[in-house]
Amino acid sequence: MDRIIVSSADGARAELVTHGAHMCSWIPAGGPEQLFLSSSSEFTEGAAIRGGVPIVFPQFSGMGVLPKHGFARNALWKMLSAGQTEQGAGQVVFELQENIARLMLWPHVFRAEYTVTLAGDTLQLDFSVTNTGDTVFQFTTALHTYFKIEDIKETRLHGLGGLSYRDTVTGQNGCRQEEEVLRISGEVDRIYANVAQSVVIEQAHQTVEVSQAGFQDAVVWNPGAEKGAQIGDLEVDGFQRMVCVEAATIMRPVALEPGRSWSGMQRIVWRAK
Ligand SMILES: O=P(O)(O)OC[C@H]1O[C@H](O)[C@H](O)[C@@H](O)[C@@H]1O
């Protein structure tokens, strides 16, 4: 699989592979690595990469008949461009369309585009899907971002208080987060609905602000010690060093008419304390 490195004029840097258009590393200008990547991750075609930013499309998790999280994260994407914008941001653009294997799984023709843009302390991920066929189709999707954490016990998530969520661990719908600040001390797997404000991941040394547009929902996932130990491509202590905050549309799937496009974006801003 091809490896692509892009950097901005002001020193931010990202690394991606064409397999899954998968972003493996993001280092903001003057800052440390922000994405978790498991050292046990298999970098082979056909296998998902554990960490970075997997693209979930056209099905979230096991919520349908497709392989878990759909086919986009395991597909070979076409790189359309890589370099710097006129303003000096680093940028890479990928494209994915149907092929025979994908049509056998999901009988729809489409064009997906994924643009990664970085400069200074900010990373922006733009994902769009166009229905290039002549019948409507539905999909669910997520940018499944794994954030690198020093110690999950010392990490706080702000911005989720008062939101309703589906608890994937218990299968319960219609839960409500009462506490303003979420601390993770075991398995957490939640789909928050109608997320309009940003989520801030606070650690002792930094904050990371995660905002989104186009995506309706946000997933927060950490497998905890027990489930984490069962994940073959995650290090034994991996769960302590990661948290996923995913921009997603799951609760109400997108129904895309022929000729129409849908787009969603996740923006991440790093701040040292
Ligand atoms: O192991 P994977 O197929 O990559 O899925 C990893 C995780 O993705 C999402 O965050 C889901 O909410 C979790 O239920 C799932 O375990």
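For ligands, and for the atoms within them, numbers begin at 1 and follow the listed sequence.
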In terms of ring plane angle, is the pair Tyr192 and Tyr165 parallel, tilted or perpendicular, where the classes change at 30° and 60°?
tilted

Looking at Met23, Gln34, Arg267, which one forms a side chain to side chain contact (heavy atoms under 4.5 Å, CB included) with Leu123?
Met23

So, are Glu154 and Arg183 salt-bridged, with charged N and O less than 4.0 Å apart?
no

Would Lys227 count as a contact of ligand 1 if the rule is a heavy atom under 4.0 Å away?
no

Take Arg50 and Glu42, measure what salt bridge (charged side-chain N to carboxylate O under 4.0 Å, His left out) needs, and give me the verdict at the end.
CA-CA 8 Å; Arg50 177 71 59 197; Glu42 291 177 53; over 6 Å; no

In the protein, which heavy atom is nearest to atom 8 (O) of ligand 1, and how far is it?
His144 NE2, 2.7 Å

Could you identify the single nearest non-hydrogen protein atom to atom 10 (O) of ligand 1 and state the distance to 0.1 Å?
Glu246 OE2, 2.7 Å

Exactly one of Glu202, Gln197, Glu209, Glu180 should register a side-chain hydrogen bond (donor to acceptor under 3.5 Å, both in side chains) with His158. Which one does?
Glu202

Could you walk me through whether Glu95 and Arg111 satisfy the salt bridge (charged side-chain N to carboxylate O under 4.0 Å, His left out) test, starting with their C-alpha distance in whole Å, then the side-chain angles of each, then the deciding distance to 0.1 Å, before giving a yes or no?
CA-CA 7 Å; Glu95 177 192 70; Arg111 180 177 178 278; 2.6 Å; yes

Should the proximity of Arg73 to ligand 1, defined as any heavy atom under 4.0 Å, be assigned to the side chain, the backbone, both, or neither?
side chain

So which protein heavy atom does atom 2 (P) of ligand 1 come closest to, and at what separation?
Lys68 NZ, 3.5 Å

Is Arg50 in polar range of ligand 1, meaning some N or O pair under 3.5 Å apart?
yes

Quick check: Asp189 and ligand 1, any N/O pair under 3.5 Å apart?
yes

